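This report refers to the structure that appears directly beneath it.
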Amino acid sequence: MSAAAAKPILYSYFRSSCSWRVRIALALKGISYDLVPVNLIKDGGQQLAIINYLEETHPNPRLLPQDPKKRAQVRMIADHIVSGIQPLQNLSVLKQMGEKKMEWAQNCITSGFQALEQILQHTAGRYCVGDEVSMADLCLAPQVANAERFKVDMGPYPTITRINKALLELEAFKISHPSRQPDTPAELRA
């Protein structure tokens with residue numbers, strides 16, 4: 001069977017940042033897939049490898065700019081979020097924090113967003129790097145949702161907030177949103 005004929009299966013958890021990043025990439029690239037909900041006890045880890053695979057096998061629309069400097073900026077922002085912020089507030093880490101889990105998550109996100117806000121002030125256009133949606137944006141929206149879930153004050157991050165608002169207006173981000181997944185609990189549905 002050819003790769004084009006095989007319909008991919010995405011094992012997904014509605015609230016997983018990793019799954020959401022992949023759902024956005026699939027939606028942007030117009031790739032039809034079967035979703036198999038998986039109830040995660042802990043987050044499944046980084047899934048940028050899947051997004052890189054999608055970029056190589058379905059190059060349009062591009063998630064990595066052609067310009068080498070912009071491509072490096074996209075990767076830097078994506079890596080900052082998926083390696084420097086998101087893993088520190090995964091369920092497996094939060095369980096170890098006990099009663100201080102909310103404070104821990106807020107501190108991790110705030111620290112990461114302080115650096116990210118400064119980076120984005122130099123790279124952003126409408127989105128994280130210029131005016132085209134990139135892999136960096138696929139990482140940003142789920143992390144902002146996590147920040148909101150952990151009640152992080154977004155006031156100090158106007159660039160992050162502005163970009164996130166623009167992203168959430170895009171159809172790919174709407175249909176991939178955790179509140180619209182088949183395994184989303186009724187009380188969290190959009």
Side-chain angles (χ1 to χ4, degrees), residues 3-55 57-58 60-63 74 77-79 81-83 85-95 101-102 105-106 108-109 112-113 116 127-128 133-152 154 160-190:
K7 190 172 184 183
I9 297 171
L10 177 63
Y11 295 89
S12 178
Y13 179 60
F14 80 101
R15 191 178 263 168
S16 164
S17 298
C18 301
S19 296
W20 190 6
R21 292 190 289 262
V22 175
R23 291 192 307 262
I24 296 167
L26 290 164
L28 281 170
K29 291 182 176 290
I31 300 171
S32 178
Y33 63 95
D34 291 323
L35 188 138
V36 176
V38 176
N39 189 350
L40 296 179
I41 295 172
K42 59 182 177 180
D43 208 333
Q46 298 177 23
Q47 293 183 9
L48 276 177
I50 294 172
I51 296 171
N52 282 321
Y53 173 78
L54 293 174
E55 182 70 359
T57 59
H58 297 79
N60 292 310
R62 298 182 64 84
L63 296 177
V74 166
I77 293 164
D79 287 348
I81 295 169
V82 303
S83 299
I85 304 174
Q86 189 244 329
L88 298 172
Q89 35 97 65
N90 273 352
L91 188 56
S92 60
V93 174
L94 293 178
K95 281 183 178 178
K101 65 183 170 188
M102 182 68 86
Q106 289 171 342
C108 293
I109 295 168
F113 274 12
L116 184 59
Y127 305 116
C128 286
V133 174
S134 71
M135 195 181 291
D137 300 295
L138 277 59
C139 299
L140 183 74
Q143 187 55 59
V144 172
N146 286 342
E148 292 168 348
R149 197 169 94 223
F150 290 114
K151 300 179 179 18
V152 171
M154 293 300 293
I160 293 172
T161 301
R162 176 186 58 76
I163 294 168
N164 187 62
K165 185 174 188 259
L167 291 169
L168 294 181
E169 292 171 2
L170 300 173
E171 187 61 20
F173 285 75
K174 289 178 184 178
I175 64 172
S176 63
H177 195 278
S179 66
R180 298 179 75 178
Q181 300 312 301
D183 58 328
T184 304
E187 67 274 11
L188 298 176
R189 288 193 170 275

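Note that this is a predicted model, so its numbers are computed, not measured.
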Compare all side-chain heavy atoms of [X] with those of [Y] and state whether any distance is below 4.5 angstrom.
{"X": "R15", "Y": "W20", "answer": "no"}
{"X": "P61", "Y": "V133", "answer": "no"}
{"X": "V22", "Y": "Y33", "answer": "no"}
{"X": "V144", "Y": "I160", "answer": "yes"}
{"X": "L88", "Y": "V93", "answer": "no"}
{"X": "R21", "Y": "V82", "answer": "yes"}
{"X": "C139", "Y": "Q86", "answer": "no"}
{"X": "V74", "Y": "L63", "answer": "no"}

Return the [atom1] to [atom2] distance between [X] and [Y], rounded to the nearest 0.5 Å.
{"X": "I31", "Y": "H58", "atom1": "CD1", "atom2": "NE2", "value": "4.0 Å"}
{"X": "I163", "Y": "L168", "atom1": "CD1", "atom2": "CG", "value": "12.0 Å"}
{"X": "L167", "Y": "C128", "atom1": "CG", "atom2": "SG", "value": "6.5 Å"}
{"X": "Q89", "Y": "Q106", "atom1": "CD", "atom2": "CD", "value": "11.0 Å"}
{"X": "L26", "Y": "L10", "atom1": "CG", "atom2": "CG", "value": "6.0 Å"}
{"X": "C108", "Y": "N90", "atom1": "SG", "atom2": "CG", "value": "10.5 Å"}

Point to revise | Residues in side chain to side chain donor-acceptor pair (under 3.5 Å) contact with T57, at least two apart in sequence or another chain | key: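 Per chain and number, T57 pairs via side chain to side chain donor-acceptor pair (under 3.5 Å) with no residue.
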Considering all heavy atoms of both residues, which atom of [X] and which atom of [Y] are nearest to each other, and what is their separation?
{"X": "R180", "Y": "A190", "answer": "CG-CB, 4.0 Å"}
{"X": "D183", "Y": "S12", "answer": "OD2-O, 3.7 Å"}
{"X": "L138", "Y": "L28", "answer": "CD1-CD1, 3.8 Å"}

Only counting residues at least two apart or in another chain, list the ones meeting salt bridge (charged side-chain N to carboxylate O under 4.0 Å, His left out) with E169.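 Scan of E169 (salt bridge (charged side-chain N to carboxylate O under 4.0 Å, His left out), adjacent residues dropped) gives R126.
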Taking only residues two or more places apart in sequence or in another chain, which ones pass side chain to side chain contact (heavy atoms under 4.5 Å, CB included) with [X]?
{"X": "V36", "result": "I9, Y11"}
{"X": "P185", "result": "F14, E187, L188"}
{"X": "E171", "result": "K174, I175"}

Side-chain ([X]) to main-chain ([Y]) donor-acceptor, under 3.5 angstrom:
{"X": "T184", "Y": "R189", "answer": "no"}
{"X": "R62", "Y": "E55", "answer": "no"}
{"X": "N164", "Y": "T161", "answer": "no"}

If you count every heavy atom of other residues, nucleotides or ligands that lies below 6.0 Å from K101 atom NZ, does the total exceed 12?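 No - once you tally the heavy atoms of other residues, nucleotides and ligands closer than 6.0 Å, there are 12 at most.
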Sequence neighbours excluded, the answer for ring pair (Phe, Tyr, Trp, His ring centres under 6.0 Å) partners of F113 is Y157
